[in-house]
Amino acid sequence: MAVSKQSVYEPLTESAAIALAVRLRLFPEGAPLVCREIGDGNLNLVFHIVNQQTGKGIIIKQALPYAKVVGESWPLTLKRAAIESNALRTFASYVPEYVPKVYYSDESLAITVMEDLSHLQIARKGLIEGKTYPLLSQHIGEYVAKTLFYTSDFGMNQQEKKQLAQSFVNPELCKITEDLVFTDPFFDHETNNFEDELREDVKELWNNDELHLEVAKLKRKFLTEGDALIHGDLHTGSIFASDEETKVIDPEFAFYGPFGFDLGQFFANLLLNALSRPEQEQEPLFAHVEKTWEVFANVFSDLWEQHNVEPYAKTPRLLQDVLHSTFVDAIGFAGCEVIRRTIGLAHVADLDGIEDKEERIRAKRHALRLGRSLILQRNSLNDIQEIRSLFLQAPLA
Ligand code: SR1
Ligand code: MG
């Protein structure tokens, strides 16, 4: 459907969202429609419109001109809605089974109209309830491998890649990650938010020069390495799942970034969930971290062998070198994500939802030590299974 250029931005209400769906003829004429705003993320409005006769629905997602999590004092570009719909369409060309269908988008209204995934559940919520999603790592490993490979200099025409990268320049959303993931948590910054009981542990991070050096190196990679079109915010709240299906949503942070970033964020959020569980229930999370990496490495390697457009593709050890640096970076990025979700501006319900305060503080202290170990020891890990040992040793680190 064509993108309208005349619309003037205004935040939708539930009735305006229904009127828009009717105007776009997304439902049969006269269908009894109901709408609810269901957005529970940090940034956007999300309208769920359902035809009461058939039960069929759609989602209208609209960007607000500010960050909802903070309020109107934090203005935020509406262009992120176009980045999101374009990223969904681009990813759909490689992994249609793992992204929602986009029916319509309007850059001026900052909306994306897409497939209703309400038969699935946000993976973070399900994991908190103790679900394990047996296919999650198989699906995410494949999703990441294909989206990274096919949008990189190895998988697509290298001139076209530069053009694609240009259309995903996303400075404002990248700045959020640069600040909230890589900078603020490592300094005494006003955006940080943590319990008083953690102050001594947090101060240790603020005063640790070795840690600062390693986070600075990771931040530099995020700032400068344009390997592939990455999702940019691949935490478990950006994934809808069931035991059979997985859909990755919300790529408004998409841009050309480092290969390891999406994997790192996903690993971190699995580990954050493990931190919130009793020891005997952590196994499925470790297994997901390991399987995601194994599937990623296998699928990426197959694509490399079969579809590589780079003349140096067959050079001995090049693939191993790319996989190794992706692995090391992913572990480091995971460490930054674990720390920022514990003491930074945007927390996760996995940890904040631990009701018993003592237990919560213990889990958060564990998280800080795990994050630090992931960052500092990333270069000496030999394989993905060693994340388990880091996790188990972290309380003593
Ligand atoms: C102000 S936005 C806070 C966080 O929410 C998004 O999902 C990103 O993770 C961002 O860092
Ligand atoms: Mg999001």
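When a ligand or atom number is given, it counts from 1 through the structure's own listing order.
Side-chain rings of Phe194 and His347 stay apart, their centers remaining 6.0 Å or farther from each other.
Of the charged side-chain nitrogens involved, at least one lies within less than 4.0 Å of a carboxylate oxygen, so that Lys217 and Glu214 count as a salt-bridged pair. By the 4.0 Å N-to-carboxylate-O rule, Arg369 lies close enough to Asp201 to be salt-bridged with it.
Residues satisfying the ring pair (Phe, Tyr, Trp, His ring centres under 6.0 Å) criterion with His48, sequence neighbours excluded, are absent altogether. The side-chain contact (heavy atoms from CB on, under 4.5 Å) search around Glu14 returns Cys35, Arg36, Glu37, Phe47, not counting sequence neighbours. Judged as a side-chain contact (heavy atoms from CB on, under 4.5 Å), and not counting sequence neighbours, the contacts of Arg388 are Glu283, Phe286, Glu290.
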Write none if no such pair exists; otherwise list each N/O atom of ligand 1 with its protein N/O partner under 3.5 Å and the distance.
unit_1	atom_1	unit_2	atom_2	d
ligand 1	5 (O)	Asn42	ND2	2.7
ligand 1	7 (O)	Asp233	OD2	2.7
ligand 1	9 (O)	Asp233	OD1	2.7
ligand 1	9 (O)	Asp233	OD2	3.4
ligand 1	9 (O)	Arg340	NH2	3.0
ligand 1	9 (O)	Arg341	NH2	3.1
ligand 1	11 (O)	Arg340	NH1	2.8
ligand 1	11 (O)	Arg340	NH2	3.4

